[in-house]
Amino acid sequence: MKLVTYNVNGIKARLPRLLEYLAEVQPDIVCLQELKSTDETVPDREIRDAGYHPLWHGQKGFNGVAILARDTPPVERQRGLGGEPEDEQSRYLEAEVGGLVVASIYLPNGNPQPGPKFDYKLRWMERLATRARTLLTDEVPAVLAGDYNVIANDDDTFSVRAMADDALMQPESREAYRRLLAQGWTDALRTRHPRGGVWTFWDYQAGAWPRDAGFRIDHLLLSPAIADRLREAGVDKAYRGRDKASDHAPTWVRLTD
DNA sequence: ATGGCTTAGTTCCTAAGA
């Protein structure tokens, strides 16, 4: 089975690209981020007509995550993370689908840093770690898939220097990500491409795509219960080059059934 | 230092993204 994470950067603006992707690749499960739409304004009918069962967790204007599944409807387990009741940003959605627990994650960007947005990012990462710990304790087969907004290693970016002051690459962001992995999660892309140099995002500005000046921030984390089912991991890079593309490319794992 | 994209909303400018 193929499980994809794809930050679409606006699902209404991206709908033709997303429908193409679903038709051409036919992934089994798709975690979406940055819907920038409410549950009332998402293209629910179009996704269903494309053969997918959607579970939406939208928000007006910003954020918004979803889980799409081809065979059976995702059964919701949780929306949002605990620990900060006043947080109304739609960034976490967890469901059971196809015998897996799947989470669609849109981790806060955190720029500019230092500042309140960076503090929110670090708090959010701790809240995610708390949830992730529970999933491991319960020993469920789980995939935490999404836009983590963390460049974990120097070889995960085209330029360490260009990104040095960015929230994506601060030591605090990296350490929080490493602590999460150290719970027992497997970074699937890293495992299959240990030398780095694999990008999932290319900025719209300054010719980043034609220069191949990207970085890897979309991650799929596998729980121990399914880590040995990992067969392949990659990026469907060509979709970044299409007309009116998202600045992220679909990033995926293939698991044995 | 440069140059300056894309989306959505309180829409013809601004905020946010990364």
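Protein chains get the first letters and strands the later ones, always in sequence-line order, with residue 1 at the start of each.
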query: Looking for any heavy atom pair under 4.0 Å, which part of the strands does A:Lys117 touch: base, sugar-phosphate only, or nothing?
result: sugar-phosphate
message: Work out how far the P atom of B:dT7 is from that of B:dG3, and round it to whole angstrom.
response: 24 Å
Distance, rounded to the nearest Å, where A:Phe201 contributes CZ and B:dC5 contributes C1': 10 Å
- prompt: What integer distance in Å separates A:Phe118:CZ from B:dA16:P?
  reply: 18 Å
Qualifying side chain to side chain donor-acceptor pair (under 3.5 Å) pairs with a residue from residues 157-172 of chain A, counting only residues at least two apart or across chains: A:Asn111-A:Asp166
message: Under 4.5 Å between side-chain heavy atoms, counting indirect links through other Ile/Leu/Val/Met/Phe/Trp/Tyr residues: same cluster for A:Ile11 and A:Val30 or not?
response: yes
- prompt: CG of A:Asp156 versus P of B:dA18: gap in Å, rounded?
  reply: 17 Å
task: Can you figure out which of B:dG3, B:dA18, B:dG17 approaches the side chain of A:Leu168 most closely?
output: B:dA18
query: For atom P, what is the distance between B:dT6 and B:dA18, given to the nearest Å?
result: 15 Å
message: Any base atoms under 4.0 Å from A:Asp247, or only sugar-phosphate, or nothing? Heavy atoms, all strands.
response: nothing
- prompt: Rounded to the nearest Å, what distance is computed from the CG atom of residue A:Asn111 to the P atom of nucleotide B:dA15?
  reply: 17 Å
query: Can you tell me how far C1' of B:dA18 sits from CG of A:Asp165, to the nearest Å?
result: 14 Å
task: Write down the distance separating the C1' atoms in B:dA15 and B:dT2, rounded off to the nearest Å.
output: 23 Å
- prompt: Apart from A:Tyr204 itself, what residues make up its hydrophobic cluster, given side-chain heavy atom links below 4.5 Å?
  reply: none
task: Answer with yes or no whether the hydrophobic clustering places A:Val235 together with A:Leu230; edges join I, L, V, M, F, W, Y residues whose side-chain heavy atoms lie under 4.5 Å apart.
output: yes
message: Using the C1' atom as the point on both nucleotides, what is the distance between B:dA16 and B:dT10, in whole Å?
response: 16 Å
task: On DNA chain B, check which nucleotide each of A:Lys244 and A:Leu107 is closest to and give me the residue with the more 5' one.
output: A:Lys244
- request: Report the distance from atom NE2 of A:His219 to atom P of B:dA18, rounded to the nearest whole Å.
  value: 13 Å
message: Taking 4.0 Å as the cut-off, does a side-chain nitrogen or oxygen of A:Lys36 come that near to OP1 or OP2 on B:dT6?
response: no
field: Ring centres under 6.0 angstrom apart (A:His219, A:Tyr177)
entry: yes
Nearest-Å distance for atom pair CE/P, residues A:Met163 and B:dG17: 14 Å
query: What nucleic acid atoms does A:Asn63 come within less than 4.0 Å of, heavy atoms only: base, sugar-phosphate, or nothing?
result: nothing
field: Sub-4.5 Å side-chain heavy-atom contact between A:Leu189 and A:Asp187
entry: yes
- prompt: Side-chain heavy atoms under 4.5 angstrom apart, residues restricted to Ile, Leu, Val, Met, Phe, Trp, Tyr: same cluster for A:Leu220 and A:Leu180?
  reply: no
field: Atom C1', compared across B:dC12 and B:dA8: separation rounded to whole Å
entry: 14 Å
query: Side-chain N or O of A:His248 less than 4.0 angstrom from OP1 or OP2 on B:dG17?
result: no
message: Looking at A:Tyr106, I'd like to know whether one of its side-chain N or O atoms comes within less than 4.0 Å of OP1 or OP2 on B:dA18.
response: yes
- prompt: Which residue lies toward the 5' end of DNA chain B, A:Tyr204 or A:Ile217, if each is placed at its nearest nucleotide?
  reply: A:Tyr204
- request: Between B:dA1 and B:dT11, how far apart are the C1' atoms? Round to whole Å, please.
  value: 33 Å
task: Would you kindly say whether A:Thr38 and A:Lys60 are connected by a side-chain donor-acceptor distance under 3.5 Å?
output: no
- line: From CZ of A:Phe62 across to P of B:dA8 the rounded distance in Å is 11 Å
- prompt: Got a sec? Which of residues 7-19 of chain A come in under 4.0 Å of DNA chain B, heavy atoms?
  reply: A:Asn7, A:Asn9, A:Gly10, A:Lys12, A:Ala13, A:Arg14
